[in-house]
Amino acid sequence: MEHNTKPVNAVEMNGIVKVFGNRPVLDQVNLEVEKGSVHAILGENGAGKSTLMNILYGLYQPDGGTIKINGQQVEMKNPSTAIATGIGMVHQHFMLVDVFTVAENIILGQETTKGGAFLDMDKAKQDVLALIEKYGLDVDPDAKIEDISVGMQQRVEILKALYRGADILILDEPTAVLTPQEIDELINIIHNLVNDGKTILIITHKLDEIKKSADKCTIIRRGQYIDTVSVKDVSQSDLADMMVGHQVNLKVAKTLMNPKHVIFEVDDLHARDVRGVEVLKGLSFKIRSGEIYGIAGIDGNGQKELLEAITNMIHVQGGTIKINGKEIQNTTTWNTITSGIASIHEDREKRGLIPDFSVEDNFVLETYMKNPFSIKGLMKQKAISDFAKKQVQEYDIRPNGCEKDLIRGLSGGNQQKVIIAREIANNPDLLIAMQPTRGLDVGAIENIHKTLLDQRDKGKAVLLISLELDEVMNVADTIGVIYDGKIVKEMPQDQATEHEIGLLMAGGSANE
C-alpha cells in the first residue's frame, strides 16, 4: 500500500479575493508555506502583500478563497482565532505600551495569576526570560519600552507572539526601521526560530534580505499571484524584474555633477535633543547648486536634530544655517518653507502627512492659501483636485484615482510618493531627503533616486540623509560622515570606500 509522503504545509491560502469599496486589492492569490521554513512575500508598495497577511491574521475577512493551517481548513474570524491557531504577527508599527516594562508588555492580555486573582509577576518574568534565552532575543525584561531602541522593541513584539504560543510568525516589513547591525541580528534570530521548528513569513521588498534569510519567495504584483520561487535559484535582479514586471536598474545611472555657487551652508551648529543633551557639537557643511550632499552615519548621531534645526522645529544654541546667504536658524517652520527649503522627513506619519485628510488635501498642506488653490481666501476645490490628479498620474501613486480617499488608506510607499511629489512641486532651492526610500520597493527607489538626480541637474542643492550606506554611496556626489554630532570627514563619492566610511561611522579613523 502506497503512502502519500507529501508533507503538510503550515499555511495554504487558495484563491484569496479582497475588495475594498469597488477596488479589487487581491484577485485569486495563492500561497503555500512549508513548515519550518522562511517564506518571503515580495511585492511593490500597494501590491496587496500586507492585505494578504492581514487576512491570514484575521484582521480582514476575505471576499473569496480558503485558508488551511497545518492541513485543516480554518475560518479566520479575528486575530483571536489566528492566535488560537498558532499564528502571531509583528506589525510594521509596533503595538506596545511605552510606560510599561518589557515583561509587562509581553504578558499583557495573557497574564499569569496565582490564587486565581493575583498577578504572578515572578512566574511571568521567569517564562519571559526562558524565551529570551532560548531564541537569543537579548532584551532587558525590566526596561521600559520608552527607554529601549526600535530594534529592541521589535524583539519585544516577537517575544509577545512567542509567549502566546505562536508556531507561525508573520513579520511585516521587519527591517524598515532597523540599523544594518540590527538587521543582521534579526536574521540570526529568524534562523534560531526556524531551527526550533517555527515557520516565518516575511513581508518585504528588500531583495538582499530575502537572499540572506528566506528559503522560498512568493511574488505578488498589483494584487495578483505571479510566482513562487526557490530563493537560491534566482538573483536579486530576477526578483526585482518579477516584482515590478519590467527590468529594474538596481544602480542609478548618474552623470558627473556640475556644481556652481554655494546655496546652503551650516556652520558650527550646536543643538540639544528633547532631554537637553547636546547632540550637535559644532557641525558644519556646505552644499552647492547642482550637488547632492549625502550624510552617512549610524542612527542617533544627530541626524534627526540636524533636520529639525534646519526646518526650525527646534532652537539651536549656537552656529548659523544659511540658505542663499540668508540666516534662518531659530525662526519659524513657515520661514523655512518660504526661504526655498523643502523637506521629506523620515517619519511620514508624524511629520509629513495628516492621516485623516484626503490625498488631495495632503498635496496642498503648504500651498493651500496660494493661487490657484485659494483666491481671496476661498479654497478652489477643482484646482486642488486637478493638481492632485496630475501628481497621482505622474508619480504612479496607487490606487489610481485615490485623490478623494483618506491618505491613511494608502500603503506606506504610496504615502511617501505623495510627500515627494508635493515637496518637489514647491520648486525648492534646497531639497532635504531624510530616509526618502525607507519602506519602498526597488521600482519606487529607482524613481526617487532619479528624482533626486533630476533636481540636482536642474541646479538645485540636495541634502540626502540616509542610514542606508548603499544609498548614500550610489546617489551622493559628496559624502559627509556624521559621528557624535559632527561631520568627521568629507570626501568626493568617487574616492569613498564602504570600508573607510564604515570605520568613520563607528567612531574609528581612516588609518585603521
Do you see a donor-acceptor pair shorter than 3.5 Å between the side chains of Ser343 and Glu423?
-> no
Verdict with reasoning, Val29 to Thr218, per side-chain contact (heavy atoms from CB on, under 4.5 Å) = CA-CA 10 Å; Val29 174; Thr218 292; 5.8 Å; no
Approximate separation, where rounding is to 0.5 Å, of Gln415 CD and Ile420 CD1 | 12.0 Å
Correct closest heavy-atom pair for Ser213 and Ile202 would be OG-CD1, 3.9 Å
Between Asn9 and Glu12, do the side chains contain an N or O donor and an N or O acceptor separated by less than 3.5 Å?
-> yes
So Phe285 and Tyr293, would you call those rings parallel, tilted or perpendicular, with 30° and 60° as cut-offs?
-> parallel
Charged N to carboxylate O below 4.0 Å: is that the case for Glu500 and Lys489?
-> yes
Donor-acceptor pair between Ser235 and Asp238 side chains, under 3.5 angstrom = yes
Asn192/Asp196 under side-chain contact (heavy atoms from CB on, under 4.5 Å): CA gap, chis, key distance, verdict = CA-CA 7 Å; Asn192 290 343; Asp196 190 54; over 6 Å; no
Salt-bridge contact Lys125-Asp142 (side-chain N to carboxylate O under 4.0 Å) = yes
Salt-bridge criterion met for Arg351 and Glu308 (N-O under 4.0 Å) = yes
Side-chain ion pair, Lys160 and Glu157, N-O less than 4.0 Å = yes
Just checking, is any N or O donor in the side chain of Thr478 or Glu291 under 3.5 Å from an acceptor N or O on the other one?
-> yes
Indicate whether any N or O donor in one side chain lies under 3.5 Å from an N or O acceptor in the other, for His39 and Glu32.
-> no
Can Lys486 and Asp484 be said to form a salt bridge (charged side-chain N to carboxylate O under 4.0 Å, His left out), step by step?
-> CA-CA 6 Å; Lys486 279 184 179 171; Asp484 195 24; over 6 Å; no
